[in-house]
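Since the structure comes first, as structure tokens, the remarks are kept for the end.
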There are 4 protein chains.
Amino acid sequence: MSKTDKRNDILNAAMTLFAEQGFHGAPMAQISERAGVGAGTIYRYFKNRDVLIMEIHTTLFDKFTNHLKERYPHGRPVRECFFHIGKGIIDYFIKQPLEFRYNEQFHHSPYGLEVRRNKLTNTTGEHDIVLELYEKGMEYQVIKPIPMALFFDLAIAPIFWAVRDHHQGFIKIDNALSETIVSSCWDSIRI
Amino acid sequence: MSKTDKRNDILNAAMTLFAEQGFHGAPMAQISERAGVGAGTIYRYFKNRDVLIMEIHTTLFDKFTNHLKERYPHGRPVRECFFHIGKGIIDYFIKQPLEFRYNEQFHHSPYGLEVRRNKLTNTTGEHDIVLELYEKGMEYQVIKPIPMALFFDLAIAPIFWAVRDHHQGFIKIDNALSETIVSSCWDSIRI
Amino acid sequence: MSKTDKRNDILNAAMTLFAEQGFHGAPMAQISERAGVGAGTIYRYFKNRDVLIMEIHTTLFDKFTNHLKERYPHGRPVRECFFHIGKGIIDYFIKQPLEFRYNEQFHHSPYGLEVRRNKLTNTTGEHDIVLELYEKGMEYQVIKPIPMALFFDLAIAPIFWAVRDHHQGFIKIDNALSETIVSSCWDSIRI
Amino acid sequence: MSKTDKRNDILNAAMTLFAEQGFHGAPMAQISERAGVGAGTIYRYFKNRDVLIMEIHTTLFDKFTNHLKERYPHGRPVRECFFHIGKGIIDYFIKQPLEFRYNEQFHHSPYGLEVRRNKLTNTTGEHDIVLELYEKGMEYQVIKPIPMALFFDLAIAPIFWAVRDHHQGFIKIDNALSETIVSSCWDSIRI
DNA sequence: GATGAATGAGCGTTCATTCAT
DNA sequence: GATGAATGAACGCTCATTCAT
């Protein structure tokens, strides 16, 4: 088993347990047991628990972002781009319930706040796909003149809530409903 | 000091500390200290920590619901009723940052899931109002034909996210922006 | 059992174990077991392990100092005062092997250095009995003109080493030998 | 690099780290890193940590003893021999602060006791010289009639304490003060 | 021979809960 | 009823040692 394998085992075990039981319900000992490694081994790959939690986020976020960037309709109208993203988010997280749960846990923890803050006050050159959309929408005046953070709230919040409801069994999102959701979000931000 | 007073002191102390420091950052000893009671006294009023956390939620939720019911425009058009609720939520939680923080913590903890499940199944409290709104909207065909849970997601999610952004300093919600937010939500659900 | 009793139990258990097994050979769990209290109880009386170690020192040092101050020949010649102290140290630590061992451990740990530093650079009004002796000896020119720290080294070091040899069985200090030791130390510092 | 080189690298790295950070502050991993060898390699040369600690002592002690034996004034008066040894100790350890620190750590650890016991029982190394000195002093009646261990305590203890004070900055030992120290020690043992 | 990844027992400390007063 | 001292299981983390390569 290669070094990368073991690291991945830990990442997966931790992600699963954090998703299923919350950050506080998953002690390091349980993670190591599930990963099939010794308790101390985790610390060869991650300096401490906090770093592990952050690294899971980073890993998942990269994977998620790559998914959204696939077949992204560069150069096409803002509306079309938005639909790509909205439906992309739904598709991805419908298929990945654990990642979705992890994501929810993460963004409602102290870790999540900091990440969000960095994202919204982004001074690094990182190209956030949604941020770019917002700027283009403003430029072409196809979306309402609102602060960027609020753009996120209106356009994205319902999507995440709907996915959560799907996983909790309150609704069943198929292609048609996915279309309805994203379309409704678009209605709330378009001029 | 009456029995009720002491119970309230505990509820308030616990709510504040949970809101400020998270569930994990507020040990029972600190709660009892802040409430001005002995550590053991908490257990006379609440069977254990989990029950305390649940009771705080119930208490806050009742208070919040009552706020929304005040001057509720019964019999008026769905749109007007929705604006009453939407702006009511914003007003309330802008003024009550601690309660908002508590609410967020709560709904993203294991406790939260169960409550939500009951909420959508039973029809009590807040949902009486919103449920009624949904049904009336369906009947008069002024809102899109979507499942009730999705109605929630579209209409309410952005409001909570926006309030969170307000408290975290990413946006500043004044009356005008409040109007914009609720209006945008309405755009996403109206026919 | 009073509060003070339990605190004393912990202090004694810890002192004994530290003396017998060294700081590193005495885990908190063993201390609590020997003290007959729960593991967490120690932390009601001492913030942490380091504080416990310091408090033992303080307690022992006060007791020891009080012993030396008994029947101290105030106003009598420096030589007589020195003999009182020298023989007092020997008497005390011959009778208290555990306290002696603790003292040795302590003074050769990082804790000990700090204490010694404070003592030698003393700006607090604390009346150290040996320090006073040094100053009087200098004033009356009955001891060699040497730095204070060296006075300690010459006058006190052999006494502690001799007591250690006594406890380790290399010598047997009786009254006569005690007299010899202190007298020899005096020979090394007197003019 | 020969076998001996690697062994020496480990000894030096370990000695330095133990001296600087104490036995408990220097994990094997850090030692191996500093020595430029793999973690497991240490165990090819030393059965375990305790053995490593003991071997460092032995090595340093041999080196130290050889230093004292250099230009030893065999056949000259006891006083002269004593001055050679006393000043030799001071010179050596003033120049070798790390070795001195290591020595102090060692002798106040559980390891130290056993070694000292053997030292006073057997007659090897340093003690050859000092033992000889003691016996000659007794024979010619130039030093007080005291047990050998006590001879050590009176003659050597102040020297070690003074060197410690030098390294800790409480005194500054130059040639004159070195003379004073050894001379004072002599005063305490001579007839 | 040499390596360093892996181990897991053991550490200091916390805190929800109990119960004698 | 009210208290808060006492508990001990549980936690995150370290590190001496092993052993497959």
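Labels below follow one simple rule: chain letters A, B, ... track the order of the sequence lines, proteins then strands, and each chain is numbered from 1.
In this entry the distance linking CZ of B:F18 with C1' of E:dC15 reads 12 Å, nearest Å. Put simply, CD1 on C:I31 is 7 Å from P on E:dG12, counting in whole angstrom units. Computed from coordinates, the D:L52 CG to F:dT17 P distance equals 10 Å when rounded to whole Å. Atom CD of B:Q21 is separated from atom C1' of E:dC15 by 14 Å (rounded to the nearest Å). Regarding D:Q30, its CD atom lies at a distance of 14 Å from the C1' atom of F:dA16, rounded to whole Å. C:D9 places its CG atom 10 Å from the P atom of F:dA6, with the value rounded to the nearest Å. Rounded to an integer number of Å, the gap from CD of D:E33 to C1' of E:dT3 is 14 Å.
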Identify all side-chain donor-acceptor contacts of residues 30-44 of chain C below 3.5 Å with residues at least two apart in sequence or on another chain.
{"unit_1": "C:S32", "atom_1": "OG", "unit_2": "C:A29", "atom_2": "O", "d": "2.9"}
{"unit_1": "C:T41", "atom_1": "OG1", "unit_2": "C:G38", "atom_2": "O", "d": "3.4"}

Working for side-chain contact (heavy atoms from CB on, under 4.5 Å), residues D:L60 and D:F106: CA-CA 11 Å; D:L60 294 186; D:F106 182 82; over 6 Å; no
D:V51/D:Y45 under side-chain contact (heavy atoms from CB on, under 4.5 Å): CA gap, chis, key distance, verdict: CA-CA 10 Å; D:V51 167; D:Y45 296 96; over 6 Å; no
Test log, rule side-chain contact (heavy atoms from CB on, under 4.5 Å), inputs A:F18 and A:Q105: CA-CA 8 Å; A:F18 286 146; A:Q105 302 265 352; 5.8 Å; no
D:H167 and D:F100: CA distance, side-chain angles, deciding distance, side-chain contact (heavy atoms from CB on, under 4.5 Å) verdict: CA-CA 9 Å; D:H167 286 313; D:F100 183 76; 3.7 Å; yes
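Taken residue by residue, residues 39-50 of chain D places heavy atoms nearer than 4.0 Å to DNA chain E at D:A39, D:G40, D:T41, D:R44, D:Y45.
Remark: aromatic rings of B:Y111 and B:H57 are distant, center separation not under 6.0 Å.
Aromatic ring pairs are classed by plane angle as parallel below 30°, tilted from 30° to 60° and perpendicular above 60°; the pair D:H108 and C:H108 is parallel.
Note on the helix from E:dA2-F:dT21 to E:dT21-F:dA2: angle between the axes of the first and last five pairs equals 10°, rounded to 10 degrees.
Counting heavy atoms from C-beta outward, D:R7 and D:L11 have side chains that approach closer than 4.5 Å.
For F:dA6, one of the phosphate oxygens OP1 or OP2 lies less than 4.0 angstrom from a side-chain nitrogen or oxygen of C:K6.
Where C:P27 and A:G36 each meet DNA chain E at their nearest nucleotide, the meeting point lying more 5' is that of A:G36.
Not a single donor-acceptor pair under 3.5 Å links the side chain of A:N103 to the backbone N or O of A:E99.
At a threshold of 4.0 angstrom between heavy atoms, the contacts of B:M28 include nucleobase atoms, whether or not backbone atoms are also involved.
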